[in-house]
Amino acid sequence: MLRSALSAAVRPTLAKPARQATTLAAGYPRVSATDRPATKYGGTYTVTLIPGDGVGAEITDSVKEIFQHVNAPIEWEQYDVSGMSSSGEALFKQAMDSLKRNKVGLKGILFTPISQSGHISWNVAMRQQLDIYASVVLCKSLPGFPTRHSNVDFAIIRENTEGEYSGLEHQSYPGVVENLKVSTRAKAERISRFAFDFALKNGRKKVTCVHKANIMKLGDGLFLNTFRRVAEDYKSSGIEFNDMIVDNTSMQLVARPQQFDVMVMPNLYGAIVSNIGAALVGGPGIVPGCNVGREYALFEPGCRHVASDIMGTNTANPTAMILSATMMLRHLGLDSIANNIAAATFGVINEASVRTADMGGSATTSDFTSAIIKKL
């Protein structure tokens, strides 16, 4: 199962008591060796690797270099899928077959075109076809890298498979477009229970439901009322729960983010809130994440940007991808290797001598990767 993304040895000393801050041991049946094991041959796990577009190839190369240095028992099945055109559909299907076979993947972000003639989002297609229904994004202040707010530490849990991302839209009359937001009680209950189980397994104290039920009284009303009903089942655990309208949530995040602990929300709000959360703690280059379901786990940076503007410049920050990869290692039960890599990564950030441009430095992606390797 998925465990803490941050090594206890390198957690910052904050005003709040230390706790197991981050990933999952959470709200879906445990993927055990006797149930749905990851593909493993001769002591080596086979993992699907999809570098993605933009800086994806550069930051996944960092992961591969680090894994090679520590002799991590991972064998990659790499598929260079690109969302830049629809011509790669055959390769995308091969990557999906690989994910279904291996059950675990590491992925960069695939570009999604805006034009009507463009293909559907392959990022969304993966989540829907594999039913990896829970997106988890971890926003935490890092030692040695101060930002406007300190002591930030919350997890965003986003329903991944329905809502505005259902892809059901049509032009009913020239100039009139209808876009269907699909909400179901079953999926609202599933993601709500996931959020509470996550809180229980990771020593969290409060779960906040983010919604717009004051306007979307049926759709978001169903999500909110289902959350409240699920919350009643967890009262005896001592976990607090509340709810907040999404526009107020946005303001509260930038004004007083320390009030949040675990946040659960429908699909679109999760996309927005995860970007705000990333900005609070230093940007998309340092926020790890994953997508999980009953059978499959797909790890990727928590803030879904391809960063095509710096592609090929060797200036991208690989931290988010490296930390996502350590989450993957813990999911596979390789905690010792994961902890060593995470500790080295946080050590480099804390020392502040090697930093990429997004963190105020001038180091390259290669420099940052080499600095981590020197600490291993």
Side-chain angles (χ1 to χ4, degrees), residues 1-10 20 22-26 28-52 56-57 59-81 91 94-108 126 130 132 136 138 201-202 288-301 318-347 369-370 372-376:
M1 61 186 167
L2 303 173
R3 302 182 181 93
S4 174
L6 303 179
S7 169
V10 295
Q20 198 179 15
T22 49
T23 92
L24 306 176
Y28 63 104
R30 179 188 172 101
V31 183
S32 68
T34 58
D35 187 6
R36 298 180 178 90
T39 303
K40 186 177 182 182
Y41 300 106
T44 299
Y45 291 94
T46 304
V47 173
T48 303
L49 176 64
I50 303 172
I59 58 179
T60 52
D61 279 350
S62 293
V63 172
K64 289 193 289 184
E65 190 175 344
I66 292 168
F67 276 29
Q68 183 177 15
H69 179 79
V70 299
N71 198 26
I74 302 296
E75 180 176 314
W76 304 107
E77 285 186 1
Q78 182 167 333
Y79 295 86
D80 296 324
V81 180
L91 186 59
Q94 291 176 33
M96 287 296 294
D97 289 340
S98 174
L99 282 168
K100 291 174 182 177
R101 181 171 59 252
N102 297 327
K103 303 189 183 299
V104 179
L106 182 69
K107 170 184 166 295
M126 285 183 177
L130 298 175
I132 41 179
V136 180
L138 310 169
K201 297 293 176 62
N202 289 278
C290 61
N291 306 280
V292 294
R294 289 180 62 90
E295 292 190 63
Y296 308 103
L298 186 60
F299 298 81
E300 66 180 353
T319 300
M321 183 63 83
I322 293 168
L323 294 180
S324 299
T326 64
M327 292 166 67
M328 181 194 75
L329 290 173
R330 292 191 183 91
H331 173 64
L332 295 172
L334 302 170
D335 293 55
S336 177
I337 298 174
N339 291 340
N340 289 339
I341 295 172
T345 304
F346 292 123
T369 305
S370 297
I372 293 172
I373 289 173
K374 288 177 182 177
K375 284 188 168 293
L376 289 168

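All values below were derived from every heavy atom in this structure, side-chain atoms included, with hydrogens, water molecules and symmetry-related copies excluded. Along the sequence shown, residues carry numbers from 1.
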Peer 1: Using the rule given for side chain to side chain contact (heavy atoms under 4.5 Å, CB included), can you reason through Phe299 versus Val47, listing the C-alpha separation, both sets of side-chain angles and the distance that settles it, and then say yes or no?
Peer 2: CA-CA 11 Å; Phe299 298 81; Val47 173; over 6 Å; no
Peer 1: I need the minimum non-hydrogen distance between Pro318 and Thr369, along with the two atoms involved.
Peer 2: CG-OG1, 4.2 Å
Peer 1: By side-chain contact (heavy atoms from CB on, under 4.5 Å), which residues pair with Leu91, not counting sequence neighbours?
Peer 2: Tyr79, Val81, Gln94
Peer 1: Working to the nearest 0.5 Å, report the span between NZ of Lys107 and CG of Asn291.
Peer 2: 7.5 Å
Peer 1: If every non-hydrogen atom of Arg330 is compared with every non-hydrogen atom of Asp335, which pair is closest and at what distance?
Peer 2: O-OD1, 4.1 Å
Peer 1: To the nearest 0.5 Å, how far apart are CD1 in Ile337 and CG in Leu376?
Peer 2: 10.5 Å
Peer 1: I need the minimum non-hydrogen distance between Pro51 and Thr60, along with the two atoms involved.
Peer 2: CB-OG1, 3.5 Å
Peer 1: Please check this pair: side chain of Ser324 against backbone of Pro288, looking for a donor-acceptor N/O pair closer than 3.5 Å.
Peer 2: no
Peer 1: Are any non-hydrogen side-chain atoms of Leu138 and Met327 less than 4.5 angstrom apart?
Peer 2: yes
Peer 1: Check Val104, Ile132, Thr48 against Tyr296 for a side-chain contact (heavy atoms from CB on, under 4.5 Å) and give me the one that passes.
Peer 2: Ile132
Peer 1: Rounded to the nearest 0.5 Å, how far does NZ of Lys375 lie from CD1 of Ile66?
Peer 2: 13.0 Å
Peer 1: For the atom pair CE (Met321) and CE (Met328), what is the distance rounded to the nearest 0.5 Å?
Peer 2: 10.5 Å
Peer 1: For Leu99 versus Gly105, what's the shortest heavy-atom pair and its separation?
Peer 2: CD2-CA, 3.7 Å
Peer 1: Measuring from atom CG of Asn340 to atom OG of Ser336, what distance do you get when rounded to the nearest 0.5 angstrom?
Peer 2: 5.0 Å
Peer 1: Check each of Leu298, Val63, Ile50, Ile74 against Leu106 using the side-chain contact (heavy atoms from CB on, under 4.5 Å) test, and report the only one that passes.
Peer 2: Val63
Peer 1: Within this structure, what is the CD-OG1 distance for the pair Glu77 and Thr46, rounded to the nearest 0.5 Å?
Peer 2: 6.0 Å
Peer 1: How about Ile341 and Phe67: do any of their side-chain heavy atoms sit closer than 4.5 Å?
Peer 2: yes
Peer 1: What residues, two or more places apart in sequence or in another chain, satisfy side-chain hydrogen bond (donor to acceptor under 3.5 Å, both in side chains) together with Asp97?
Peer 2: none
